[in-house]
Structure formats: C-alpha cells, structure tokens
Amino acid sequence: MRIALILVLCLSLLSPAHGAPLRAPPGEQVMAYGSDPAQTLDFWPGKTDSKPNIVRPLVIFVHGGGWKRGSKDNATGRYKSVHYQQLGYAFASIDYRLVPGATVEQQAQDVADAVAFLRRRAATLGVDPGRIVLMGHSAGAHLVALVGTDMRYFAKAGLSPDAVRGIIPLDGAAYDVAAQMAQSGRFMKGTYEQAFGTDPARQQALSPTRHAARPNAPAFLILHVDRDDGTAQSQALAAALKRAGTPVEIRALEGRGLRGHMQINRQMGDPAYPGTAMVDDWLARVFR
C-alpha cells in the first residue's frame, strides 16, 4: 500500500495539471531530430521584441522519469518555456527513446544528437550556437551530466566539448551508478537494473562522476534538494569536476525527499521559487 501511494504521488506530481492546464506559449514548434517517433523536440524561439533579427541563447531541457517513462509533454514543468523566453532566451524540450526499447547509451546519444540538430539550424531558428546550455531533471540530470563529461556522445554527433556553454543537472542521483545502486533499496532496484544492468564495467561507463577528468563541458551548475542520495551524489560529482579543474557550482535547495525532488522540476522558472534565481544568475554569467 505504501509503494502504491508513492507511485500515485509520483504520477500526480509529474502531471502538468496543477491548477488550470497551461497552453503552449506562442511560437512553439515541434521538430524531429531523428527518425524514431520519440526523437522529437519542442522549440520556442524566445520573446519577440523590437529587434527581430537578434540571435538568442538557448536552454535545452531533458525530462526525467527513471529512464523508462516521462516525456516533454508531461515532465518539462509549466514555467520553464515561458520564463526563459521572457529572459530573452530560446527554449527547447526534448524527447528521447525510453528503456527498455532503447539503452541508456542510446538515450545519451539522443541528447547529443538533439544538440547537434539545433546547432545546425541555429541561423534559421535565431539561436546563437555559441550560447547553449543543457538542463535536465532526475534521469534527465544524469543524461545531461553524462554527455557533459563523456565526450564520446558529443564526438559521435560531430560536436566538440564546447558545443554547449554549460550543464545544469537538477537533483540527479545516479552520477555514480554503482554507488547509487548499492544504497537504493528494493523500491528502486528494478529501475536501476533495467537501466544500467549488472555489469560493473557498464555501470562505470554510464557514471558521469567516473568521466569527470577533462575534457568536459565548460561549466556546471549542480542543484539538489534535501535527499540523502541526491545530496551525496551531487557533492561527489562536484568534487570530481573540481579536481579536474572544470568550473562547477553546487547549490542546495529546500525541499525534502520525493516532494522536493519533484518540486525542483515543477517550479523551476517560477519567480517565487528560490532555485529560479540561482539558475537565472548562472545563465546570465555563462551567456555573457
């Protein structure tokens, strides 16, 4: 019964329907960056103003869902697209192939391929290809951290490590896969084994902390809430990046356990949420 209630809470918090349903902001475009039906993204060009030909920085979001569920339609959060457009940024939210139909390696490649797709179309979309940031939540935080540290995914997509200005993982907890699996307990054991398997070598290969030696993406902002595993994993990733000389900032936000984990995604972009100002300040500096 307790597990059932937790699952109900997870699904309700993932839903965008907190209050009246939101309509997509004006200018949303749906694009395919690959041939699979899941390889699509939503793109918003940014707030229109008196300078229509200006090229804009771009924030790309990668949803969570345990690597096996979730989509850009139900797990992006209601505030992000509007908020980042109002700041003068373009915004994109991507879908990717899900486990078990795809592997985590393929998911990470989907993320890199989506970045490459948007960079190739930067001139048409009014995006500055030199000012792109990747943000992800939960499983999406793991994926953006992985492509930001293991440069094989960017290289396969034809990208260099500086293809993005930075990486923002929001409350991930699998940056060191083996360590996370060792303390995850029965509730998450099946999810992790489905995603990462039982081969220690594969688990290490899918661990951003184990790839934190350079080259990495140019900068990281790691945010976490008050969860034991998320805190420990975030701190370990930040420490590994610092040892490598990669600029990294780590911030703790209020919010405990599962509720806090969902809140950081659901409310990111809400001006009343403390994490929004942290991200806004960091973006202003890396997009300078």
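All heavy atoms count here, side chains included; hydrogens, waters and symmetry mates do not. Bear in mind the structure is a predicted one, so any value in this text is a computation, not a measurement.
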Show the nearest heavy-atom pair for residues A178 and S207, with the distance to one decimal. N-OG, 4.5 Å
Atom CD of residue position E254 - does it have more than 12 heavy atoms of other residues, nucleotides or ligands inside 6.0 Å? no
State whether the number of non-hydrogen atoms from other residues, nucleotides or ligands found under 6.0 Å of D228 atom CG is greater than 12. no
Spacing of CZ belonging to F43 relative to CD1 belonging to I60, to within rounding of 0.5 Å: 9.5 Å
So do the side chains of V248 and I222 get within less than 4.5 Å of each other, counting heavy atoms only? yes
Could you walk me through whether Y84 and M135 pass side chain to side chain contact (heavy atoms under 4.5 Å, CB included), step by step? CA-CA 12 Å; Y84 295 120; M135 175 192 295; 3.5 Å; yes
Decide yes or no for T103 and R202: does some side-chain heavy atom of the first lie under 4.5 Å from some side-chain heavy atom of the second? yes
When you compare the side chain of S184 with that of D229, does any pair of heavy atoms fall below 4.5 Å? no
To check you understand the geometry: which heavy-atom pair defines the closest contact between Y33 and D95, and what is its length? OH-O, 2.6 Å
Check whether R97 reaches the backbone of A102 with its side chain - one donor and one acceptor, N or O, closer than 3.5 Å. no
Once the angle between the rings of F91 and W44 is folded into 0 to 90°, is it parallel (under 30°), tilted (30 to 60°) or perpendicular (over 60°)? tilted
Using side-chain heavy atoms (C-beta onward) and a distance below 4.5 Å, is L159 in contact with R119? yes
Tell me if a side-chain donor or acceptor on Q203 pairs with a main-chain N or O of G197 at a distance below 3.5 Å. yes
From S234 OG over to D171 CG, what is the distance, rounded to the nearest 0.5 angstrom? 6.5 Å
Hey, what do you get for OG1 (T76) to NE2 (H63), rounding to the nearest 0.5 Å? 7.5 Å
H224 versus I250: any side-chain heavy-atom pair under 4.5 Å? yes
Taking Q180 for the side chain and D176 for the main chain, is one N or O donor matched with an acceptor at less than 3.5 Å? no
With side chains defined as the heavy atoms from C-beta onward, is the minimum distance between V59 and K80 less than 4.5 Å? no
Heavy atoms only: give me the nearest Y96-A139 pair and the separation to one decimal. OH-CB, 4.5 Å
Rounded to the nearest 0.5 Å, what's the gap from CG on L253 to CD1 on I264? Could you check? 5.0 Å
Closer than 4.0 angstrom, basic N to acidic O: yes or no for D128 and R131? yes
Using a 3.5 Å cut-off and no angle test, enumerate the donor-acceptor pairs between side-chain atoms of residues 140-149 and protein atoms at least two apart in sequence or in another chain.
{"residue": "H142", "atom": "ND1", "partner": "W67", "partner atom": "NE1", "Å": "3.3"}
{"residue": "H142", "atom": "NE2", "partner": "L206", "partner atom": "O", "Å": "2.7"}
{"residue": "T149", "atom": "OG1", "partner": "A145", "partner atom": "O", "Å": "2.8"}
{"residue": "T149", "atom": "OG1", "partner": "L146", "partner atom": "O", "Å": "3.3"}

Side chain to side chain contact (heavy atoms under 4.5 Å, CB included) assessment of V279 paired with M268: CA-CA 9 Å; V279 171; M268 186 58 66; 3.8 Å; yes
Do V164 and V55 land in one hydrophobic cluster if side-chain heavy atoms of ILVMFWY residues count as linked below 4.5 Å? no
Where is the tightest heavy-atom contact between A174 and P208, given as atom of each residue plus distance? O-CD, 4.0 Å
Identified side chain to side chain contact (heavy atoms under 4.5 Å, CB included) partner of F61 from the options I168, L134, N265, I94: N265
With a 4.5 Å limit on heavy-atom distance, are the side chains of V133 and P57 in contact? no
Kindly state each residue pair satisfying side-chain hydrogen bond (donor to acceptor under 3.5 Å, both in side chains) with at least one member in residues 272-285, sequence neighbours excluded. H83-D280, E249-R285, D281-R285
Is a side-chain N or O of T246 found less than 3.5 angstrom from the main chain of K242, in a donor-acceptor match? no
Taking all heavy atoms of R152 and all of Q109, pick out the closest pair and write down the distance. O-OE1, 4.4 Å
So CG of L241 and CG of N216: to nearest 0.5 Å the spacing works out to 5.5 Å
For V62 and Q107: C-alpha separation, side-chain torsions, deciding distance, then whether side chain to side chain contact (heavy atoms under 4.5 Å, CB included) applies. CA-CA 10 Å; V62 182; Q107 293 177 334; over 6 Å; no
Quick check for you: to the nearest 0.5 Å, what is the distance between H137 atom NE2 and H261 atom NE2? 4.0 Å
Any K189 side-chain heavy atom under 4.5 Å of M181 side chain: no
In short, P169 meets L221 closest at the heavy-atom pair CD-O, 3.0 Å
Before accepting this row, confirm whether a basic side-chain N of the pair K72/D42 lies closer than 4.0 Å to the acidic partner's carboxylate O. yes
I need the full list of ring pair (Phe, Tyr, Trp, His ring centres under 6.0 Å) pairs touching residues 146-182, with sequence neighbours left out, sorted by first then second residue. none
